[in-house]
Asks: 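The following block contains the structure, expressed as structure tokens.
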Amino acid sequence: ANYTSASASADLTIGKATPTVEATGGVFDYTGTAHTGTCAVTGVGGADIGPLAATYTPGPDAPAHAGSYTVNCSYATSTNYEAASDTAALTIAQVALTLNVSAADATYTGLAYAGASTCAASGVNGEQPLTARAFKQGSIALGGAPTNAGSYTLECTAGGTDTNYLANSSSVSFTIQQATLTIYVSAADAIYSGAPYAAATTCTADGVNGEHPLTTRTFKSGSETLP
């Protein structure tokens, strides 16, 4: 042979590929249960190199309440692939609720209205959202349940900002009717004295709850009212 044996070497580097990460969110209605996004990660030739779990902001769990969220998909560096990530928006929209409102008429008692009344809300998934009740007389908002005889409105509201439900309100009218009072009247006979009548008389009224309504006395001769 004309040559002696020989050898040589050289470095060869196969660089990591960058995967494709795709986050998917969406727009959902509030249902009382969690809504999830998805994460997909593909490598060279479209190969699926998942699975890849999603995280959420705010989080960390999949969201259930109405609001705006972010689906986060993060692929950590591996033997053949670089790290990569993607995000997507996920929105849970408020939904409508149903209100049930009623207020029975009552009779004046001298105390705040305590007639049978309802102010309740029904939501999804058997939920009963919180409600708030308010009383009005005409357009005037009252500080609490009314006491005096008159016509009133019970307004029931629920939902709105920072809740899972769209704001809703409903109202119903009711009346506190006048109560019956008892009048006590007496007038003692007298002998003419030339002066205005001044014998013992009684003209009082008893109402509910120990009240004594104001009375007015008049004198008559037959059907004629005296001055």
Asks: Strictly by modelled atom types, are Thr202 and Ser186 linked by a side-chain donor-acceptor pair under 3.5 Å?
Replies: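 Yes, side-chain donor-acceptor contact under 3.5 Å.
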Asks: Any side-chain heavy atom of Phe135 within less than 4.5 Å of one from Leu154?
Replies: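 Sidechains of Leu154 and Phe135: in contact.
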Asks: Could you measure the distance from the CD atom of Glu22 to the SG atom of Cys39? Nearest 0.5 Å is fine.
Replies: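 Between Glu22 CD and Cys39 SG, I get 10.0 Å after rounding to 0.5 Å.
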Asks: How long is the straight-line distance from CG of Leu52 back to OG1 of Thr42, given to the nearest 0.5 Å?
Replies: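 So the gap between those two atoms works out to 11.0 Å.
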Asks: Find the distance between CG (Asn209) and CG (Leu111) and round it off to the nearest 0.5 Å.
Replies: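 Reported to 0.5 Å precision, the distance equals 4.5 Å.
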Asks: My understanding is that only residues two or more places apart in sequence, or in another chain, count here; which of them pass ring-ring contact (aromatic ring centres under 6.0 Å, His included) with Tyr69?
Replies: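 Counting only residues at least two positions away or on another chain, Tyr69 forms no ring-ring contact (aromatic ring centres under 6.0 Å, His included).
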Asks: Ignoring hydrogens, what is the shortest heavy-atom contact between Thr175 and Asp105? Give both atom names and the distance.
Replies: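 Scanning both residues, the minimum pair turns out to be N-OD1, 2.8 Å.
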Asks: What distance separates Asp206 CG from Thr180 OG1, expressed to the nearest 0.5 Å?
Replies: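 If we round to the nearest 0.5 Å, Asp206:CG and Thr180:OG1 are 13.0 Å apart.
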Asks: Which atom names give the shortest non-hydrogen contact between Ala96 and Leu166, and what distance separates them?
Replies: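 The pair with the smallest heavy-atom distance is N-CD1, 4.0 Å.
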Asks: Is Leu226 linked to Tyr197 within one hydrophobic cluster, defined over Ile, Leu, Val, Met, Phe, Trp and Tyr using a side-chain heavy-atom separation of less than 4.5 Å?
Replies: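 They do share one cluster, since a chain of ILVMFWY contacts under 4.5 Å joins Leu226 to Tyr197.
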Asks: Can you get from Ile176 to Leu181 by hopping between Ile, Leu, Val, Met, Phe, Trp and Tyr side chains that sit under 4.5 Å apart?
Replies: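 Different clusters: Ile176 never reaches Leu181 through Ile, Leu, Val, Met, Phe, Trp or Tyr contacts under 4.5 Å.
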Asks: List the atom of Gly123, the atom of Pro129, and the distance in Å for their closest heavy-atom pair.
Replies: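 Looking at all heavy atoms of both residues, the closest pair is N-CD, 3.6 Å.
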Asks: With sequence neighbours excluded, tell me which residues meet ring-ring contact (aromatic ring centres under 6.0 Å, His included) with Tyr113.
Replies: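 Phe174.
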Asks: Tell me, do Ile49 and Tyr75 make a side-chain contact under 4.5 Å, heavy atoms counted?
Replies: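 Ile49 vs Tyr75: side chains touch.
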Asks: For the residue pair Asn72 / Thr57, report whether a side-chain donor-acceptor contact shorter than 3.5 Å exists.
Replies: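 Looking only at side-chain atoms, Asn72 and Thr57 do form a donor-acceptor pair, the distance falling under 3.5 Å.
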Asks: Using atom types as modelled and distance alone, determine if a side-chain donor or acceptor of Asp48 lies under 3.5 Å from a backbone N or O of Gly50.
Replies: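 Confirmed, Asp48 side chain pairs with Gly50 backbone.
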Asks: Can you get from Leu90 to Val21 by hopping between Ile, Leu, Val, Met, Phe, Trp and Tyr side chains that sit under 4.5 Å apart?
Replies: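 Different clusters: Leu90 never reaches Val21 through Ile, Leu, Val, Met, Phe, Trp or Tyr contacts under 4.5 Å.
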Asks: Quick one: sort the Tyr30 and Tyr165 rings into parallel, tilted or perpendicular, breaks at 30° and 60°.
Replies: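 Perpendicular, since the angle between the ring planes exceeds 60°.
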Asks: Under a 3.5 Å threshold, yes or no: a donor from one side chain and an acceptor from the other, between Ser102 and Thr118?
Replies: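 Thr118 and Ser102 do have a side-chain donor-acceptor pair below 3.5 Å.
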Asks: About how many Å separate CG of Asn148 and OH of Tyr108, when rounded to the nearest 0.5 Å?
Replies: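 It is 6.0 Å, given to the nearest 0.5 Å.
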Asks: I'd like to check the side chain to side chain contact (heavy atoms under 4.5 Å, CB included) partners of Glu82; sequence neighbours left out, ordered by chain and number.
Replies: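 Expected list: Lys16, Thr18, Thr77.
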Asks: State, to 0.1 Å, how close Asp29 and His35 come at their nearest heavy-atom pair, and which atoms those are.
Replies: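 It is O-NE2, 3.1 Å.
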Asks: Work out which heavy atom in Val101 is nearest to a heavy atom in Ser171; give both atom names and the distance.
Replies: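 So the two residues come closest at CG1-N, 4.2 Å.
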Asks: Do His65 and Ile92 have side-chain heavy atoms sitting under 4.5 Å apart?
Replies: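 Not in contact.
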Asks: At their closest point, which heavy atom of Tyr56 faces which heavy atom of Gly37, and how far apart are they?
Replies: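 In this case the closest contact between Tyr56 and Gly37 is OH-N, 3.1 Å.
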Asks: State yes or no: do Tyr152 and Val172 share one hydrophobic cluster built from I, L, V, M, F, W and Y residues joined by side-chain heavy-atom distances below 4.5 Å, directly or via other members?
Replies: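 Looking at the clustering, Val172 is in the same group as Tyr152.
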Asks: Taking atom CD of Gln128 as the centre, report whether more than 12 heavy atoms of other residues, nucleotides or ligands fall under 6.0 Å from it.
Replies: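 No, not enclosed.
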Asks: Report the distance from atom OH of Tyr184 to atom OG1 of Thr215, rounding to the nearest 0.5 Å.
Replies: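 One finds 13.0 Å between OH of Tyr184 and OG1 of Thr215.
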Asks: Strictly distance-based, threshold 3.5 Å: is any side-chain N or O of Tyr81 a donor or acceptor partner for the main-chain N or O of Val44?
Replies: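 Between the backbone of Val44 and the side chain of Tyr81 there is a qualifying donor-acceptor contact (under 3.5 Å).
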